[in-house]
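The structure under discussion appears below in the form of structure tokens.
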Amino acid sequence: MIRIVNLRHRIVDIPDLAVDARHVAVIGPNGSGKTTLLSICSGIEEPRRGTVRLLGRAPAAVKIGWVGEFPDRTLLFSRAYDEIASSPRFRHRPCLETDERVRAAAGTIGIPHLLDAKVSALSGGEKALVALAAAVVDDPEVLILDEADSHLDGGTAARIQAAVKKSTAAHVLWCTQSMDTAAEADYVVFMAGGAVRHHGTPEEVFTSLEETCFYPTMWRIRR
Amino acid sequence: MRVELEDLLLSRGPFTLRGSGTFEEGVHLVSGAVGSGKSTLALLLAGLLHPGSGAIRRQGVSSTLLLLQFPEYHVTSPTVAEEAGSWGLVPDDVLARADLADRGDDDPFHLSRGELKRLILACTFMRDPDLLMLDEPFSSLDCAAKQKACRMIEERGRGITIIFSHERAVLPRVDAIWEMEGGILTALGNVPGAIPRWRHAPPYLAYALDRGARPENIRLEDAREAICRIQG
């Protein structure tokens, strides 16, 4: 359960929101507060007012995997393997277990061939994949993806979607500008101007967005 | 005006890029998977990388501009207005075009990622170069801003515009399609003839093709119109 009460932080203003779904898509125009909300939910930022509870706990007490849209700003290590290994190493997991986890995560995300690569030599999309492998490597309870699919092609994005579905995380909060991706979620939250304008199943939310460009292209073409 | 690639070859570690073909005036779309070499090709065309062998011949091209995939690499100034000015443009005009009229005094890094992309896109189009390369111009943008970027591309009306993108929902009208796969550039030819051969076609276009429709171009509305035509 994701529970938000009286949240006010920068532009974000959410009086009350309870979401009991696993895969939650957060959508909305640029500058609507999606990243701010995801930063609070991931524990990166403390809200000025109000509370967020994930699985009944404050975000800082939850094991979270987070991927931002600009992996260049967040990748810490120069080799892909070391980047992916960072959270098990920071948690002092044994070397063998760390190695197994890194290889398993790289396999799921489809990047075993990049493990020895220098991060600086990777393409934008490949960096996003390394960041994603680093986020899932230590089995997070909640996985938060902030437009991580923005630099991925169709085939790669589909593979990521499948990997995310398989992950053991109790919640996946996925902010995306691909409405066709959002349409696959269990629950959709549409934000505008810092507020939640619509929330519900994809059918409920996209029905109210039918007149806008936020309507999924595959729904539009099949009508 | 044209850009000719002749037996272009660039090797970096295990990666090799190869390509031949001619970019005529108009809008070209280069699609390809992550790591297939799209950005590397853009750097080569912009003259920022040099091929190991082969040649790039620019005929009648007197100005070239490359919009980088990550807009923060363009930023050189402490405020949004100064950033616009650093492109040799009138800041107020840029801010109006980017829908950032009241943000002139802000730090460019305090803009949201979509807002920063809008700013750099506006600067790029207002410079109006002969050869314009756009590396993932739609990433980070919401659908309304993507539609606006499409209009800017369509309304350019001159020069050579090359879009490197994997966008799957909001695309502009284009003249030619190219594919990058495993470092190899293939010209699929002009639209609409190239559309059925386009393996990276977005889902809505693939859906229309599967139903036997023959879209005139690659936009969602082209796919819908084509389906309406065969359904009578």
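Everything numeric here is computed off the predicted structure, so don't read it as measured data. The basis for the numbers below is simple: all heavy atoms, side chains too, and nothing from hydrogens, waters or symmetry mates. The chains referred to below are lettered A, B, ... by the order of the sequence lines, with proteins before strands, and numbering in each begins at 1.
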Honestly, the part of Tyr204(B) sitting under 4.5 Å from a heavy atom of chain A is both

Turns out that what part of Ala157(A) lies under 4.5 Å from chain B's heavy atoms comes down to side chain

With chain A, the option among Arg168(B), Arg113(B), Glu136(B), Arg224(B) that has the most non-hydrogen atom pairs under 4.5 Å is Arg113(B)

### Query
Is any side-chain N of the basic residue among Lys34(A) and Asp142(B) closer than 4.0 Å to the acidic one's carboxylate O?
no

Heaviest contributor of heavy-atom pairs below 4.5 Å to chain A, chosen from Ser140(B), Ala208(B), Pro203(B), is Ser140(B)

Inset, instruction - Answer yes or no: does atom CD of Glu46(A) have more than 12 heavy-atom neighbours from other residues, nucleotides or ligands under 6.0 Å? - result: no

Bottom line for Glu167(B): the part with an atom under 4.5 Å from chain A's heavy atoms is neither

**Asked** Above 12 or not: heavy atoms from other molecules or residues under 6.0 Å from CZ of Arg18(B)?
**Response** no

Looking only at Ala223(B), Ser165(B), Pro202(B), Gly35(B), the option with the highest number of non-hydrogen pairs under 4.5 Å against chain A is Gly35(B)

Answer key: most heavy-atom pairs under 4.5 Å with chain A among Glu72(B), Arg118(B), Arg211(B) is Glu72(B)

Highest number of heavy-atom pairs under 4.5 Å with chain A among Glu115(B), Gln147(B), Lys117(B), Lys38(B) belongs to Gln147(B)

The interface call for Lys146(B) against chain A, heavy-atom contacts under 4.5 Å, is side chain

When the 4.5 angstrom heavy-atom criterion is applied to Ser39(B) and chain A, the contacting part is neither

Query raised in the report: Counting heavy atoms not belonging to Glu203(A), are there more than 12 under 6.0 Å from its CD?
Result: yes

Honestly, the part of Leu141(B) sitting under 4.5 Å from a heavy atom of chain A is both

Assert top hit (heavy-atom pairs under 4.5 Å, partner chain B, pool His151(A), Glu147(A), Arg73(A), Glu126(A)) equals His151(A)

When the 4.5 angstrom heavy-atom criterion is applied to Arg220(A) and chain B, the contacting part is both

Checklist entry - Would one find more than 12 heavy atoms of other residues, nucleotides or ligands at under 6.0 Å from atom CG of Asp105(B)? => result no

On a heavy-atom basis, the closest approach of Asp153(A) and Val34(B) is OD1-N, 2.7 Å

The interface call for Ser139(B) against chain A, heavy-atom contacts under 4.5 Å, is both

Output for pair (Arg223(A) CZ, Ile227(B) CD1), nearest 0.5 Å, gives 12.5 Å

Checklist line | Arg214(B), CZ atom: more than 12 neighbouring heavy atoms under 6.0 Å | finding: yes

Minimal heavy-atom distance between Ser112(B) and Asn30(A), with the atoms involved, is OG-CB, 4.3 Å

If one checks every heavy atom of Ser150(A) against chain B at 4.5 Å, the contacting part turns out to be both

Looking only at Ala33(B), Gly32(B), Ala169(B), Ala145(B), the option with the highest number of non-hydrogen pairs under 4.5 Å against chain A is Ala33(B)

